[in-house]
Undergrad: 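One structure, pasted below without further comment.
Whatever order the structure lists ligands and atoms in, that order sets their numbers, starting from 1.
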Amino acid sequence: MIVVMKVGTPEEEITRVSEELAGWGLTPEKIVGKHKVVIGLVGETATLNPEHIQEISPWIESVLRVEKPFKRASLEFRHGQPSEVVVPTPNGDVVFGMGHPVVVVAGPCSVENEEMIIETAKKVKQAGAKLLRGGAYKPRTSPYSFQGHGESALELLAAAKEATGLGVVTEVMDAADLDKIAEVADILQIGARNMQNFSLLKKVGRQPKPVLLKRGMSATITEWLMAAEYILAAGNPNVILCERGIRAFDSEYVRNVLDLSVIPVLRSITHLPIMIDPSHGTGKAEFVPSMAMAAVAAGTDSLMIEVHPNPSKALSDGPQSLTPQAFSELMQQLAVIGKTLNRWETPQPAYL
Ligand code: PEP
Ligand code: MN
């Protein structure tokens, strides 16, 4: 349920209403919008009569029920106002959300060695990426495949951050590794295979680093938003939703089916920022540029793109990784669409 306060409601009145509602056993959350303040209510609201809440204060404009099962993640909960996720990095704040330039996260699938991660970080930065991605702990289908260098790779990510000032995005697979990963990561990635690892979701929800929640490969949009709800309900409001392709019947030409229709769908039901990952979404480097451009055209807030200095030698996901040169060219193409939509940072970074 949400309580919409009238324009110009005094601050003390908002506090008083919130305190009164807390006394009813509800958890009020103040959401400051562009024009109005909304108090989101979570708890046992099903039996509450909105008219009784309305009587608490003449400053209450309306009391509305949130119909969706994902309460905090719903657009209704913020009365239609999209949220922003602000990620502090050594190069400055990176902001994810509608109305901001598209944020591009780029880097290798896995962190392989110091030279490659630093070289990749420098090149993607030069091309305009704002954050570096790279897996230290890798969720691999086969136990015999490269599993990531683990803790030592975290040190290499820290070195790449130091060298470039780029913030770091890396995956947490196991709650036991969370603290040490959070020391280096600026955004914690929850991979597709862990989207419904509820104990992990609660754990990342109880710490302050922003979370990138990838869609499970067979998750419905509701299941995905319910997973986000776990993180929000545990107290972390900074969640970015990443579409990375879903399983369908035909994997002959593409690894997954990149569901770009989620962009307008999510926009209509959630306030959370959206990211599209065309690398895992297609599984083939040659298809990545078209889907990245389509995602920007469709209004994504961010992109995640795998880039490797030598894709044919990559220890994981080489076939879907762009070379730094191809990434730089893609960034130039994306800029044309991004600028047209007024969603691209200017001035442009130097061409590689
Ligand atoms: C990754 O980002 O390298 C990764 C393993 O992603 P996903 O969880 O989407 O497969
Ligand atoms: Mn990968």
Undergrad: Got a sec: does the NZ of Lys209 have more than 12 other heavy atoms crowding it under 6.0 Å?
TA: yes
Undergrad: For ligand 1, which atoms have a heavy atom of Cys109 less than 4.0 angstrom away?
TA: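 Those of ligand 1 that fall under 4.0 Å from Cys109 are 3 (O).
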Undergrad: Please identify which atoms of ligand 1 are closer than 4.0 Å to at least one heavy atom of Arg193.
TA: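 Numbered from 1, ligand 1 contributes 7 (P), 8 (O), 10 (O).
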Undergrad: For residues 295-306, please give each side-chain donor-acceptor pair under 3.5 Å, one per line with the distance, not counting sequence neighbours.
TA:
| residue | atom | partner | partner atom | Å |
| --- | --- | --- | --- | --- |
| Thr300 | OG1 | Ile274 | O | 3.3 |
| Thr300 | OG1 | Ser302 | N | 3.4 |
| Thr300 | OG1 | Ser302 | O | 2.9 |
| Asp301 | OD1 | Arg267 | NH2 | 2.9 |
| Asp301 | OD1 | Arg343 | NH1 | 3.2 |
| Asp301 | OD1 | Arg343 | NH2 | 2.9 |
| Asp301 | OD2 | Arg267 | NH1 | 3.1 |
| Asp301 | OD2 | Ile274 | N | 2.8 |
| Ser302 | OG | Ile274 | O | 3.1 |
| Glu306 | OE1 | Gln320 | NE2 | 2.7 |
| Glu306 | OE2 | Arg133 | NH2 | 3.3 |
| Glu306 | OE2 | His280 | NE2 | 3.2 |

Undergrad: Would you be so kind as to tabulate the donor-acceptor pairs closer than 3.5 Å made by side chains of residues 38-46, with sequence neighbours excluded?
TA:
none

Undergrad: For the pair Lys125 (side chain) and Thr164 (backbone), establish whether a donor and an acceptor sit closer than 3.5 Å, ignoring hydrogens and angles.
TA: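 Indeed, once roles are kept as given, a pair shorter than 3.5 Å links the two residues.
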Undergrad: Return a yes/no value for Asp277: is any of its N or O atoms, backbone included, closer than 3.5 angstrom to an N or O of ligand 1?
TA: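 Between Asp277 and ligand 1, no N or O pair is found under 3.5 Å apart.
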Undergrad: Does any non-hydrogen side-chain atom of Val169 lie less than 4.5 Å from one of Val87?
TA: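 SC-SC contact between Val87 and Val169 ruled out.
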Undergrad: Atom 8 (O) of ligand 1: which protein heavy atom is closest, and how many Å away?
TA: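 Closest protein heavy atom to atom 8 (O) of ligand 1: Ala192 N, 2.8 Å.
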Undergrad: Return the closest protein heavy atom for atom 9 (O) of ligand 1 as residue, atom name and distance.
TA: Arg244 NE, 2.6 Å
Undergrad: Does the side chain of Leu241 come within less than 4.5 Å of Trp224's, by heavy atoms?
TA: yes
Undergrad: Is the shortest side-chain N to carboxylate O distance from Lys130 to Glu345 below 4.0 Å?
TA: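 Answer for the salt bridge query: yes.
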Undergrad: Should the heavy atoms of other residues, nucleotides or ligands under 6.0 Å from CZ of Arg247 be counted, would the total exceed 12?
TA: no
Undergrad: Which part of Gln189 is near ligand 1, with near meaning a heavy atom under 4.0 Å away: side chain, backbone, both or neither?
TA: side chain
Undergrad: What's the shortest distance from atom 6 (O) of ligand 1 to any protein heavy atom, and which residue and atom give it?
TA: Lys214 NZ, 3.0 Å
Undergrad: What atoms in ligand 1 come closer than 4.0 Å to a heavy atom of Gly191?
TA: 8 (O)
Undergrad: What is the nearest protein non-hydrogen atom to atom 2 (O) of ligand 1, stated with its residue, atom name and distance?
TA: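 Nearest protein contact, heavy atoms only, for atom 2 (O) of ligand 1 is Arg133 NH1, 2.7 Å.
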Undergrad: Would you tell me which option among Lys138, Arg255, Glu171, Met304 has the nearest heavy-atom contact to atom 3 (O) of ligand 1?
TA: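 Nearest option to atom 3 (O) of ligand 1, by heavy atoms: Lys138.
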Undergrad: Closest to the Mn ion (ligand 2), which N/O/S atom of Glu306 is it?
TA: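 It is OE2 of Glu306.
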Undergrad: What protein heavy atom sits nearest atom 4 (C) of ligand 1, and how far off is it?
TA: His280 NE2, 3.4 Å
Undergrad: With side chains defined as the heavy atoms from C-beta onward, is the minimum distance between Lys30 and Glu11 less than 4.5 Å?
TA: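 Lys30 reaches Glu11 side chain to side chain.
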Undergrad: Which atom, among the N/O/S set of Asp317, is closest to the Mn ion (ligand 2)?
TA: OD2
Undergrad: Could you tell me whether ligand 1 has any atom less than 4.0 Å away from a heavy atom of Glu306?
TA: yes
